Structures are given as C-alpha cells and as structure tokens.
Amino acid sequence: WVVGTDHAGIATQMVVERQLEAQQDKRTNYTREAFVEKVWEWKAESGGTITGQLRRLGCSMDWSREQFTMDPHFTRAVVKVFVDLYNEGLIYRDKRLVNWDPKLKTAISDLEVETQEIKGHFWHFRYPLADGVQLDNGADHIVVATTRPETMLADMAVAVNAADPRYQSVIGKFVTLPITGRRIPIVADDHADPELGSGAVKITPGHDFNDFEVGKRAGFKPADMLNMFDAEANVVQVSDGLIPDCFIGMHRFRRDGTDGARELVVQELKAAGLLVLHSVTAKDGEVTQKDAEDRVIQTPYGDRGGVVIEPWLTDQWYVNAAELAKAPIEAVRSGRIEIVPKTWEKTYFNWMENIQPWCVSRQLWWGHRIPAWYGKKRASENDTLNDISWLLDDHAFVVENENELKKQVQAYYDSTEELYIHDSEEDYLNWDSVVSGGAVSPELHLEKIHIYRDEDVLDTWFSSALWPFATLGWPADPPRNGEVARSDGGGSPASAVLAAPPLHHPAGGPPPRSGEDLLARHYPNDLLISGFDILFFWCARMAMQGMHFNEGQVPWKRLYLHGLVRAADGQKMSKSKGNVVDPLVLIDQYGADALRFFMAAMESQGRDVKMDERRVEGYRNFATKLWNAARFCQANGIAASQSVTAPAANLAVNKWIIGEVVETVAALDKAMAELRFDAAANAIYHFVWGTFCDQYLENIKGSIDVETMSVAGWVLDQILVTLHPFMPFVTEELWSALGQREGELIIATWPRPNAPIDLIAKKQIEWLNNEISAVWAARSDLGIPPSTRLECWVNPESDFDLELLTSHSDILMRRARLSVINLPSPNGQHATIENKKTFALGGGGVTLLFSLEGVIDIAAEKARLAKALEVSTKEAKSLAGRLSNPAFVEKAKPEAVDKARADHAAHAAEAERLAAALARLG
RNA sequence: GGGCGUAUAGCUCAGUGGUAGAGCACUAUGUUGACAUCGUAGGGGUCGCAAGUUCAAUCCUUGCUACGCCCACCA
C-alpha cells in the first residue's frame with residue numbers, strides 16, 4: 001500500500017477560493033502563479049489531515065514513501081502519459097458540447113454530472129411558418145414544446161420526422177423564430193418522435209446534446225452553431241446579432257426575485273399570442289388555463305458546484321476511452337482481474353462497453369497543466385496579433401519539455417526563427433500591447449514565432465489513474481534534474497533505507513533493496529480496495545491507463561469494492577445534513593482498535609454499513625476484555641511465548657485449546673482469502689471471548705501448572721498475532737508487556753494451522769463445558785443460589801464415562817460449585833441434569849443428580865423436567881415423522897437419513913430418561 | 001426505460017436445501033480476587049407476500065410488494 005493523496009483539483013481550488021471570498025478577495029485578483037502558491041500553502045497546512053487520520057487509525061505503511069499526485073516525478077508521468085496518448089491519437093482536441101459548470105466556470109466530465117429530479121414546467125410555443133406556407137391542416141404555425149424556453153433564442157431549426165404525414169409538406173421550408181425573427185429551416189430527423197408532443201422539436205444545437213447531433217446532421221458545423229451564453233450562463237449576443245438587447249446580460253433563470261431569460265421569453269411569447277395555454281381539468285370538472293404543464297424534469301447538476309449544468313460549445317481535450325477500455329474489459333472477462341463482489345462485473349461491463357469520450361481538460365488553475373502549446377507564425381503586416389484568427393488554425397504542439405517544444409515548433413514552421421513562448425493567451429496579447437504600447441507594431445513581430453501554453457489543467461482522475469505505476473517510479477526513463485531514480489520513486493532521500501518487508505504475506509519474498517526495480521517488483525499489485533462509488537472515476541481509469549502503459553499488464557489482480565458508511569438513519573452522510581461522523585471523534589471515544597474492528601466486522605460483500613455507535617462500543621469492550629484476560633495471564637505466570645509452534649500438551653484442556661486455535665486460524669485464513677473481513681473478525685472475536693476467556697481461562701483457573709502456563713502463553717500469542725491486523729494498538733501493547741520478544745508483533749510470523757486437532761480432547765471438553773452450563777441452567781430454573789454448594793451423585797453408564805468424569809471432576813466441582821461428587825447414584829429424590837452433548841465416543845453418557853433435600857423445590861424441578869421432556873418428545877416425534885415417510889428414506893441423501901436416525905435415537909433416549917426422572921419424583 | 005441490491009429477533013446485521021444465529025437492547029441473577037466496559041441463566045423470529053421445483057424451501061425458480069443505489073437523450 002503506497003500511501004498518498006491526490007490533489008483533488010476542483011474541491012481544493014474551491015476551498016481556497018472560498019477562503020479568499022471570506023476576506024472579500026477573489027482568485028482573479030492574483031496571478032495564476034500567486035494563486036497556485038496559495039493553494040500549495042493551504043495544502044501544506046491541511047494536507048496532513050487525511051494521512052493524519054490514517055495514522056490515528058493505525059494504518060501501517062512506509063511513510064517515507066508517501067506520495068502526492070503533484071510531486072515532480074508524478075507530474076512527469078502525467079505529462080508523458082498525455083503526450084504519448086496524443087501521439088498515438090488517443091487524446092485529441094475537439095470543439096463540441098461539454099457539460100459546463102457555470103458556477104465553477106469549467107468543463108466537467110459526464111461522470112461529474114448528477115441528474116436530479118426537479119419540479120419544472122413544460123411549455124408549448126407556436127412557431128409561425130414563413131413565406132405563407134401552411135400545414136396540410138391549414139395551420140400557419142408549428143407547435144413545439146420545451147422545458148427550456150430561454151434556449152429558443154439560439155434555435156437554428158425545427159425538426160420533424162420524415163415519416164410524419166402532418167409535416168411532410170413543410171420539410172425544407174422555414175419558420176420565423178419569434179422574438180429574434182430568425183428564419184430557420186424545418187428539417188427531417190429521426191430524433192423527432194411523432195408519438196411525442198406535437199411531433200415537432202425545436203433544435204438548439206449550441207445548448208442541447210441531442211440538438212447538437214441533429215444540428216450536425218442538418219449540416220451545421222460546430223463553429224457556426226449559435227452560442228447565447230457566456231461562461232456564467234448569462235445571455236450574450238449570438239453571431240447573427242438577432243437577440244433583442246433587453247435579453248443581453250440576463251441570467252438564464254429567475255434569480256434573486258428578478259426574472260431571467262426564461263421568464264422573459266415566456267412573457268414575450270405570451271404577449272405575442274404564441275404561447276399555447278395548458279388546460280387543467282379539476283375534479284369538479286372546472287377547466288382552468290395555465291401557461292405551462294407541471295412536470296418533473298431530469299435536470300443535470302454539477303457534483304461539486306451544485307448548479308445546473310449548461311451544455312456549452314467549447315474546445316476541450318478528450319481521451320478516446322472506448323479504445324483504452326478494450327484491454328480492461330478483456331482482463332475482467334478473462335479473469336486476469338477479479339472483481340469482488342462479482343455482482344459489480346455487470347455494472348463494470350455495462351459502463352466500459354458504452355463508454356463515451358472522456359473530457360479531461362478543466363478550466364482551473366490547480367492541477368497538472370496540459371502540455372500543449374498553440375501558436376501561429378506572423379507572416380505579414382496584415383496578420384496582426386490582435387486579430388484572433390489564430391484561434392481557427394491554432395496548431396497544437398503537445399510535448400514533454402521545452403527543448404522538444406522548440407524542435408517541434410521550428411520543424412513545423414520550417415524556420416529557425418526566434419521562438420517566443422507565452423504563458424497564456426492573455427500573456428500573448430498583453431505582450432503585444434506592452435511592447436508596442438497598445439498599438440500594433442508589426443516590425444516587432446515579423447518573422448518571430450509566438451506560441452502560448454494551454455491554460456487548462458487535467459481532470460484529477462487523469463493523474464490518479466496512474467497511481468499503481470507512477471508511484472513506483474514509472475516512467476523508466478533516466479532521471480532528470482537530479483530527481484531520484486525510479487527505484488526510489490517519490491521517497492525523500494531518507495527513504496533510501498530498506499523498505500519494510502511485506503507484512504503477513506508469506507509469499508511476499510524479501511524486501512526490495514536500494515536500486516531494485518520497484519515497478520517490476522510491485523506491478524501488478526495484488527489487490528486494490530476501493531469504494532464502489534469510484535469504480536468508474538478511478539478503478540476503471542486505473543485499469544485503462546495501467547494496462548496501456550505497462551504492456552497490457554493489469555494494475556491489480558483483484559479489485560475489492562467495499563460499501564460506504566452511512567449515517568445511523570441510513571442516509572448518505574453529508575455536511576449539509578449534519579449527519580457526518582468524524583472518525584477521529586469516534587477514535588477519541590472508543591479507540592482506533594474498536595473503530596477498526598467495527599469496520600472489519602461490518603464489511604460483508606460490499607454492502608453499505610449503517611453507522612452504529614453501540615456496536616463500536618461493543619468492540620471497545622472487546623478490547624477491554626482482551627486486556628483483562630492478559631492481566632489475568634500475567635498475574636498467573638503466563639508470559640510471552642518464544643515458540644511459533646504449539647507446545648506439547650498432555651492435559652485435555654490444553655490439547656483442546658490448541659485444537660481450537662488451529663480451527664480458528666483456519667477459519668480466519670479462509671475468510672481473509674475470500675476477502676470476507678466480517679467472517680474473519682467474527683472468528684477471532686468468538687475465539688477470544690467465547691472460547692479463550694469464557695471457557696479456557698475458567699477451566700484452568702486454580703490449577704495452572706507448567707504445561708498450562710506454556711500453552712496459555714502460546715495461545716495468547718496466537719491471539720495477539722491474528723488480532724493485530726484488526727486491533728494493532730492493544731495487541732502491540734500486550735505483546736511487549738508480556739515479556740521479552742525476538743521481534744515486534746507487526747512482523748511476527750502469521751500462524752500456520754498445522755498442529756493436530758485432538759478429537760478426544762475436543763469431545764471431552766465440550767462435554768465438560770456443557771455439563772457446567774447445564775448445572776447452572778438447572779440452578780437458575782430451580783432458584784438455587786450460586787452460593788449453595790450442591791451435593792451431587794452420578795451414574796456413569798460405562799468405564800469410559802467414569803474415566804471422563806474422574807479426570808475432570810476438579811474442574812466440574814469448582815465451576816459448577818459442587819461440594820462433592822458421589823458414586824453410585826443414591827436413593828431418594830433428586831434433580832436430574834441431562835447433558836445434551838452426550839459423550840459419543842464410547843460412553844452412553846453421564847447423568848448428574850442433585851440432592852433435593854432441603855434445597856430444591858420439588859414442584860419446580862417437576863416443572864423443569866416436564867418442560868425438557870416436552871421439548872425432547874416433540875423433537876423425537878418430528879424426526880420420527882420424517883423417518884416414517886418412505887419418500888424421505890428413499891430419496892434423501894444417506895447422511896441426512898443417518899443423522900435423522902441418530903438424532904431421533906438421542907432425543908428418544910433423553911425423553912425416556914427425563915420421563916423416568918419425573919416418575920421418580922412421584 | 002435499463003441494470004443492481006436489500007427485505008431474517010425490538011435495533012444493527014450474519015447464515016444454511018434438513019424447521020434459524022451474533023452483537024446490542026430486554027428479563028432474572030451476582031458465586032469464582034482478569035474483567036460490572038463483567039459473569040451466569042432466560043424470553044423473543046409462520047426468515048416481506050404468493051405460487052412453483054423438491055422427500056424436504058428462510059435458502060433454488062417465477063411473479064408481486066416495499067425500500068435503496070447506479071446508468072440512460074423523452075423534446
């Protein structure tokens with residue numbers, strides 16, 4: 001796990017801009033360099049927040065290799081990727097509609113658009129037919145409908161379906177667009193659905209994605225499409241100059257109580273009698289007329305800026321994602337990448353197979369600046385710098401560094417003239433006026449080559465996508481500018497020391513040595529763990545870039561998509577709702593161990609996790625439990641074990657607990673291999689609390705000999721090692737507190753479940769534990785207080801049972817609080833204790849009998865026995881019923897039939913004994 | 001419109017073709033010098049609804065209902 005952070009372009013720039021706003025300041029008061037410097041300052045102050053949280057959580061990684069996506073070597077990788085993709089034709093510049101965020105004034109990608117359902121309206125307009133043309137039905141207009149009236153100012157056509165008989169006669173004719181008076185054609189296009197509305201659609205190629213496509217089909221070039229908005233979505237004059245002055249400068253919507261272009265368009269059309277009123281029939285039959293129909297509109301919002309996205313015609317850089325997606329699709333299909341849980345594969349394929357060009361340029365200052373320069377040689381006096389004709393034939397030079405830039409520019413112009421590199425378009429123009437004092441002085445520019453750099457930066461995900469290999473020192477080119485080579489990619493000079501060896505990964509091999517190729521060693525990564533919410537944003541793009549730039553090698557072999565932590569009420573956490581839980585506060589309250597354990601225990605199959613503080617509290621208690629158990633061990637001479645393998649044991653309790661460790665570790669290993677973190681956490685939890693504390697420690701209390709000390713120490717060690725990934729702090733502390741060690745807990749050998757499981761001991765101790773539990777249950781039912789020591793008689797049914805009993809009688813007497821165990825069974829009235837876990841390895845079982853004299857309420861005992869008898873009888877009867885069904889005996893699996901027979905026999909025998917006991921009581 | 005997921009104890013969630021489990025909460029209780037952030041015992045569920053497959057369905061199939069999420073160009 002290479003620790004680090006991305007530069008979160010939009011979010012970070014927003015934070016810093018908001019800080020400026022708070023001081024009545026703004027970004028544009030600064031130069032680009034000065035502003036970016038401020039962002040770096042902010043990053044220096046607060047950039048440690050995320051990694052600080054990781055540290056508090058006890059995440060264990062090589063902090064000397066911490067990386068940031070804007071580190072110099074990372075930036076070099078980003079530039080190389082951009083240039084290489086450009087040279088391969090996989091990145092290109094295009095003028096088309098983009099999702100434009102008018103608040104942030106930048107383009108964003110499709111993924112950054114969130115569709116929300118908003119209550120809106122649906123208006124119907126009459127567009128008068130021009131030149132005296134009429135529809136077949138005699139109408140002198142065409143009705144079109146829209147949810148966005150304001151865009152009609154930039155309408156360029158009306159589309160109808162060629163197959164629609166109503167409009168066939170007017171295809172190729174014109175309508176006169178209201179308000180502007182623009183004469184626009186009626187075109188045939190399949191986009192118009194005769195079934196919907198009037199069957200005619202207004203076409204605004206410059207402000208609607210569908211209309212853009214229709215417009216292109218109708219022969220409009222993107223450069224000629226009318227654009228009626230500025231970057232903030234206020235109305236500007238279009239190229240034909242037909243928008244009335246009263247609209248210019250208006251906001252697109254109603255705002256601050258002032259009508260916007262939308263309202264004004266509707267008002268003017270209504271005044272002109274061109275608004276088709278909408279009739280609403282109330283329940284009482286009364287008909288009222290409204291300007292528009294109420295309708296829920298699917299409205300696009302920017303996920304960061306939170307305002308309605310405007311489709312806007314601009315030049316942007318696009319990645320041919322469809323091409324890059326091919327290899328990752330195949331990788332998942334063939335299993336070279338395994339997605340866990342598998343259900344996400346379908347989502348992945350669905351998106352990847354329908355992927356659209358990825359807009360990667362952003363009109364921001366904070367980020368990786370696009371390595372493209374534009375320019376034009378000044379060839380004549382007429383070609384003034386103030387003539388922005390260069391915009392139309394601006395050749396792009398996409399290169400990794402300035403030397404390369406000079407070479408390419410001079411080759412392109414076939415000239416060795418001096419090259420002027422401007423930082424931005426503005427610089428380019430300012431330079432002219434500065435040098436010439438505002439007037440064009442051609443002699444300064446003749447035969448000089450002027451170019452300027454693209455001012456946009458790249459989508460943050462474009463760089464994050466390189467994480468799996470850029471962090472490992474890619475590209476492999478020789479280091480420049482004294483940067484360290486990739487064997488030490490990103491680390492500070494101090495990090496030239498040995499990296500920590502891979503932890504808990506037996507197959508990991510030795511640690512890399514200085515100079516070793518990190519990329520070759522760690523790429524592909526084994527596993528990526530990511531939230532499902534960034535499957536497209538990040539994971540898919542990592543797969544695309546990773547495979548493209550690493551000879552088709554996948555970035556990781558497995559992709560685990562986990563759920564998100566939601567608020568206690570199941571809602572998404574958000575600052576505006578105020579239901580956000582700060583992990584650091586939880587850590588303060590319950591400890592990092594408890595929080596980590598909670599997360600692990602709740603993480604199953606990528607399902608979302610509802611925040612449940614009580615559960616965190618429960619795992620805090622678990623840590624306390626472990627702590628107290630360790631204190632008990634310490635106080636009883638149980639210390640650090642130097643042994644990785646289980647000590648030799650003779651006592652059944654010790655043989656048993658060793659077997660339990662083996663089983664637990666096996667369950668844990670299986671769960672971890674399957675990425676079932678909840679199952680892993682539960683396995684260790686139940687072993688520690690239920691088996692080790694409640695049973696084993698209780699059993700050994702009072703008789704801790706040398707063997708037991710040795711076994712208990714080993715078991716405790718196994719607990720600390722296996723629990724450490726879940727609860728690093730308490731385990732590390734206990735590890736060192738228990739005694740001298742060979743090494744740190746974090747590099748302790750992970751247990752191997754290779755000790756034998758003693759099945760006899762397992763059965764014996766299970767019997768014993770169950771016997772004790774049964775006695776306590778009986779005491780509880782009979783109201784015998786714990787303080788009463790009971791006299792007990794037993795009637796073992798065989799020598800085997802007798803041996804079992806005598807070898808554990810001391811534990812049984814102490815834990816069940818018996819005063820004496822007598823043989824053989826007495827006369828008189830007794831309480832009868834049935835052990836449901838009948839010892840099945842040879843004996844028929846042991847029945848405990850308590851004296852009833854002066855202690856036990858006979859009626860209560862009878863009631864107790866009657867109840868138990870009822871349960872046994874019912875179960876026996878149910879099983880008998882199943883066994884008497886010939887279909888079951890014939891068709892069921894033999895094991896199932898055998899089990900049913902055995903269970904039936906056991907329950908029947910138990911019922912018989914209970915009936916006898918009941919009979920003895922009279 | 002398409003896709004995915006979820007419905008199991010009061011709550012939060014596991015789980016299995018052989019009539020269900022955990023933690024918390026609840027009830028009763030406090031004997032054992034590790035632990036009251038604890039121990040012991042106990043109550044509590046027609047496993048969303050309906051049909052089908054099967055000797056057997058909480059689990060498999062289909063339909064339905066409710067909730068959640070993702071994707072998509074209905075002007």
Side-chain angles (χ1 to χ4, degrees), chain A residues 110-111 115 122 124 144-148 159 191-193 195-204 208-214 297-298 341 343-344 346-347 349-351 354 532-533 535-536 563-564 566 568 570-572 590 594 601-602 604-615 617-636 676 678-679 682 685-686 689-690 693-694 697-698 701-702 772-773 775-781 783 785-789 814-815 817 875 878-879 882 885-893 895-897 899-900 903:
Chain A
D110 298 345
L111 282 177
T115 307
F122 192 50
H124 291 76
V144 295
T146 183
T147 58
R148 297 209 54 194
H191 171 63
D193 182 348
E195 305 293 317
L196 292 173
S198 66
V201 193
K202 66 188 268 306
I203 300 299
T204 321
D208 183 283
F209 287 100
N210 287 315
D211 294 3
F212 179 76
E213 296 303 323
V214 176
I297 315 281
Q298 304 283 326
T343 51
W344 284 104
K346 204 160 184 172
T347 307
F349 286 132
N350 185 47
W351 188 71
N354 296 294
F532 68 78
D533 56 331
L535 170 60
F536 303 145
L564 307 180
R566 312 187 78 92
Q571 287 198 311
K572 210 171 174 179
Y590 303 107
M602 298 306 291
S604 79
Q605 303 283 302
R607 280 184 57 168
D608 281 355
V609 174
K610 262 190 236 179
M611 190 59 226
D612 185 355
E613 275 200 45
R614 290 180 310 174
R615 200 136 180 172
E617 191 182 353
Y619 293 126
R620 188 270 319 264
N621 296 351
F622 175 59
T624 308
K625 184 76 180 179
L626 175 69
W627 180 263
N628 284 317
R631 276 197 352 186
F632 171 80
C633 290
Q634 208 176 28
N636 285 278
R676 284 306 301 261
D678 58 334
N682 286 331
Y685 180 95
H686 286 114
W689 203 317
C693 292
D694 291 348
L697 292 184
E698 291 303 329
K701 259 181 198 170
I772 293 159
S773 181
V775 171
W776 279 107
R779 298 177 80 123
S780 180
D781 284 346
S787 52
T788 306
R789 288 198 167 262
R814 182 173 49 75
R815 289 190 63 192
R817 295 198 56 83
E875 287 185 15
S878 156
L879 286 161
R882 197 188 303 173
N885 178 358
F888 172 71
V889 181
E890 279 169 34
K891 297 190 181 175
K893 285 175 295 186
E895 311 90 270
V897 178
K899 186 173 183 302
D903 288 352

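Worth saying up front: this structure is predicted, and the values here are computed from it rather than measured. Letters A, B, ... are given to chains in the order of the sequence lines, protein chains preceding strands, and every chain is numbered from 1.
Judged by distance alone, with hydrogens and angles left aside, the side-chain atoms of A:W776 form no donor-acceptor pair with the main-chain N or O of A:P786 at under 3.5 Å. A donor-acceptor pair under 3.5 Å links the side-chain atoms of A:N682 to the main chain of A:D678, judged by distance alone. A:N628 places a side-chain N or O within 3.5 Å of a backbone atom of A:T624 that can act as its donor or acceptor partner.
The same atom, P, is picked in B:C47 and in B:G63; the two are 22 Å apart, to the nearest Å. Taking the C1' atom of each, B:U61 and B:A20 are spaced 23 Å apart, rounded to whole Å. Spacing between B:U40 and B:G5 at atom P, rounded to whole Å, works out to 41 Å. Distance check on atom P: B:G2 versus B:C73 gives 16 Å, rounded to whole Å. Taking atom P in both B:U6 and B:U32, one finds a spacing of 49 Å when rounded to whole Å. Here, B:G18 and B:C59 have their P atoms 11 Å apart, quoted to the whole Å. The P atoms of B:G3 and B:G10 are separated by 35 Å, rounded to the nearest whole Å. Distance noted for atom C1' between B:A28 and B:G44: 15 Å (whole Å).
Between B:A34, B:G23, B:A75, one nucleotide has an atom nearer to the side chain of A:R615 than all others, and that is B:G23. Looking at the side chain of A:N210, the nearest of the listed nucleotides B:A75, B:C73, B:A72 is B:C73. Here the nucleotide nearest the side chain of A:D678, chosen from B:A72, B:A14, B:G23, is B:A14. Checking B:C13, B:G10, B:A22 against every side-chain atom of A:K610, the shortest atom distance belongs to B:C13. Taking every side-chain heavy atom of A:V201 into account, B:A75 is the closest of B:A75, B:A14, B:A22.
A:T115 comes within contact range of no nucleotide atom at all, as no heavy-atom separation falls under 4.0 Å. Within 4.0 Å (heavy atoms only), A:C633 reaches no atom of the nucleic acid at all. Nucleic acid contact class of A:G563 (heavy atoms, under 4.0 Å, all strands): none. Nucleic acid contact for A:R620: base, since at least one base atom lies under 4.0 Å from a heavy atom of the residue. Across all strands, A:E890 comes closer than 4.0 Å to no nucleic acid atom at all (heavy-atom distances). Among the protein residues, A:A601 comes within range of no part of the nucleic acid, since none of its heavy atoms lies under 4.0 Å from any strand.
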Which protein N or O atoms sit under 3.5 Å from an N or O of nucleotides 54-58 of chain B?
from	atom 1	to	atom 2	distance (Å)
B:C55	OP1	A:K891	NZ	2.6
B:C55	O2'	A:N885	ND2	3.2

Close N/O contacts between protein and nucleotides 38-42 of chain B (under 3.5 Å):
from	atom 1	to	atom 2	distance (Å)
B:C38	OP1	A:N621	ND2	3.0
B:C38	O3'	A:K625	NZ	3.0
B:G39	OP1	A:K625	NZ	3.1
B:G39	OP1	A:W689	NE1	2.3
B:A41	OP1	A:S773	OG	2.8
B:A41	O2'	A:S780	OG	3.0

Pairwise N/O distances under 3.5 Å, protein to nucleotides 3-9 of chain B:
from	atom 1	to	atom 2	distance (Å)
B:C4	OP1	A:K346	NZ	2.9
B:U6	O3'	A:R607	NH1	3.4

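Residues passing the ring pair (Phe, Tyr, Trp, His ring centres under 6.0 Å) test with A:H191, sequence neighbours excluded: none. Under the ring pair (Phe, Tyr, Trp, His ring centres under 6.0 Å) criterion, A:W351 pairs with A:F536, not counting sequence neighbours. In this structure A:S878 satisfies the side chain to side chain contact (heavy atoms under 4.5 Å, CB included) test with no other residue, sequence neighbours excluded. Residues forming a side chain to side chain contact (heavy atoms under 4.5 Å, CB included) with A:T146 (at least two apart in sequence, or on another chain): A:F125, A:R148, A:P149, A:K202. Scanning for ring pair (Phe, Tyr, Trp, His ring centres under 6.0 Å) contacts around A:W627 gives an empty result, with sequence neighbours left out. Applying the salt bridge (Lys or Arg N to Asp or Glu O under 4.0 Å) rule to A:R566 yields the partners A:D608; only residues at least two apart in sequence or on another chain are considered. Residues passing the ring pair (Phe, Tyr, Trp, His ring centres under 6.0 Å) test with A:F888, sequence neighbours excluded: none. Scanning for side chain to side chain contact (heavy atoms under 4.5 Å, CB included) contacts around A:S773 gives an empty result, with sequence neighbours left out.
Along RNA chain B, the nucleotide nearest A:Y685 and the nucleotide nearest A:A200 are compared for position; the residue whose nucleotide lies closer to the 5' end is A:Y685. Both A:K701 and A:D608 lie near RNA chain B, and the one whose nearest nucleotide falls closer to the 5' end is A:D608.
For the atom pair CD of A:E613 and CZ of A:R620, the computed distance is 11.0 Å after rounding to the nearest 0.5 Å.
Side-chain contact check for A:M602 versus A:R607: every heavy-atom pair is 4.5 Å or farther apart.
If you check distances only, the side chain of A:T624 does reach the base of B:U37 with a donor-acceptor pair under 3.5 Å.
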If you apply the rule side-chain contact (heavy atoms from CB on, under 4.5 Å), what do you find for A:F532 with A:L564, and how did you get there? CA-CA 8 Å; A:F532 68 78; A:L564 307 180; 3.9 Å; yes
Stepwise side-chain contact (heavy atoms from CB on, under 4.5 Å) check, A:Y590 with A:Y619: CA-CA 8 Å; A:Y590 303 107; A:Y619 293 126; over 6 Å; no
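With pairs defined as Watson-Crick or G-U wobble and both atom distances under 3.5 Å, the stems of at least three pairs that touch RNA chain B come out as B:1-7 with B:65-71, B:10-13 with B:21-24, B:26-30 with B:38-42, B:48-52 with B:60-64.
A salt bridge links A:E698 with A:K701: the closest approach of a Lys/Arg side-chain nitrogen to an acidic carboxylate oxygen falls below 4.0 angstrom.
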